[in-house]
Amino acid sequence: MTDFNQLLDKVRERGCGHLVLLDPDKGTPEELGKTGMRCQESGVDGLLMGGSLMAADGLDDYVSTLKKCCDLPVFLFPGGSYQLSKYADGLLFLSLLSGRNPQYLIGEQVIAAPRIKAMGLKTVATAYLLIESGATTSVGFISNTQPIPRDKADLAVAHALAAEMLGFTCIYLEAGSGARQCVPEKMIGAVRKHVDLPLIVGGGIRTPEEASACARAGADFIVTGTIIEETDDNNFLRQLTDSIHWK
Ligand code: 1GP
């Protein structure tokens, strides 16, 4: 089992780390296992597993198959309190802090907490900030929350500072899976300047240039999902990862 902070130390030496999001609704456990193998071969640092809906049953099967197929750490990235598995290395325990919907600020977390404790899953208290990205995203629609306007870096900073003061141990700037535009570099830089916490950035990142720009702006981890689902070109995946490992 890999601890999130161990992984963080490792990726900071390379500038930034690459996490690939695998959505159980996008394939069978075996298919996602093959993607996990490709990720490992291409130098990816870790995997996230979860989705907004997760209509597929059997998260345990997905995570345990992935762990058999590759050695990469797998962290859960749950869209709701039901997306838990004891086979994961840990869990991003998300609170949708940019929103004002109590269900996603604390409701789902209270429902999940006793099961997380019983499973012995390690949690990373993550302030999840949804950033406007050009169109309504699944997260925004399902959570019924407004994203932070993309030209309001000061608002993102204020949320990140509040998260730090409240004791969160990680910040996730999320444009939304399949977003038209990724999180602006200026916003990533502003949050980085004011807050020392580990910073994850994802949503709408499709090219090595975009990934590199977000990494150099101050992210500790870049998350990609859609582009990995859309291409089976291992050279591209390697190029994308190399652009994130900028040091
Ligand atoms: C979603 O940030 C991730 O939480 C991945 O987004 O699918 O757009 O790469 P994409």
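In listed order, ligands and their atoms are each counted from 1.
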What residue and heavy atom of the protein are closest to atom 4 (O) of ligand 1, and at what distance?
Glu174 OE2, 2.2 Å
Hey, does Phe77 come in under 3.5 Å of ligand 1, counting only N/O atoms on both sides?
no
Run the numbers for me: atoms of ligand 1, each under 4.0 Å from some heavy atom of Tyr172, listed by number.
2 (O), 3 (C), 4 (O)
Distance-only side-chain donor-acceptor flag, Arg216 / Ser212, under 3.5 Å
yes
Within the 3.5 Å criterion, strictly below it, is a donor on Asn101 or Ser143 matched to an acceptor on the partner's side chain?
no
Of all the non-hydrogen atoms in the protein, which one sits nearest to atom 9 (O) of ligand 1, and at what distance?
Gly225 N, 2.8 Å
Going by ring-ring contact (aromatic ring centres under 6.0 Å, His included), Tyr128 matches just one of Tyr104, Phe93, Phe77. Which one?
Phe77
Nearest-contact summary for atom 6 (O) of ligand 1 - protein heavy atom, Å:
Gly203 CA, 3.3 Å
With a 4.0 Å cut-off on heavy atoms, is Ile227 in contact with ligand 1?
no
Do any nitrogen or oxygen atoms of Gly178 come within less than 3.5 Å of a nitrogen or oxygen of ligand 1?
yes
Tell me whether Thr224 has any N or O atom under 3.5 angstrom from an N or O of ligand 1.
no
Indicate whether the side chain of His159 and that of Ser98 have a donor and an acceptor atom separated by less than 3.5 Å.
no
Atoms of ligand 1, numbered as shown, that sit under 4.0 Å from any heavy atom of Leu21:
1 (C), 3 (C)
pair Leu130-Thr145: side-chain heavy atoms closer than 4.5 Å
yes
Pull out every atom of ligand 1 sitting under 4.0 Å from any heavy atom of Thr226, numbered as shown with elements.
7 (O), 8 (O), 9 (O), 10 (P)
Go through Asp232 and Arg38 one step at a time and tell me if the salt bridge (charged side-chain N to carboxylate O under 4.0 Å, His left out) criterion holds.
CA-CA 9 Å; Asp232 53 9; Arg38 283 178 51 219; over 6 Å; no
So salt bridge (Lys or Arg N to Asp or Glu O under 4.0 Å) across residues 180-201, not counting sequence neighbours, yields Arg192-Asp220
I'd like to check Leu19 versus Val44 (side-chain heavy atoms, cut-off strictly below 4.5 Å). Are they in contact?
no
Should the proximity of Phe221 to ligand 1, defined as any heavy atom under 4.0 Å, be assigned to the side chain, the backbone, both, or neither?
neither
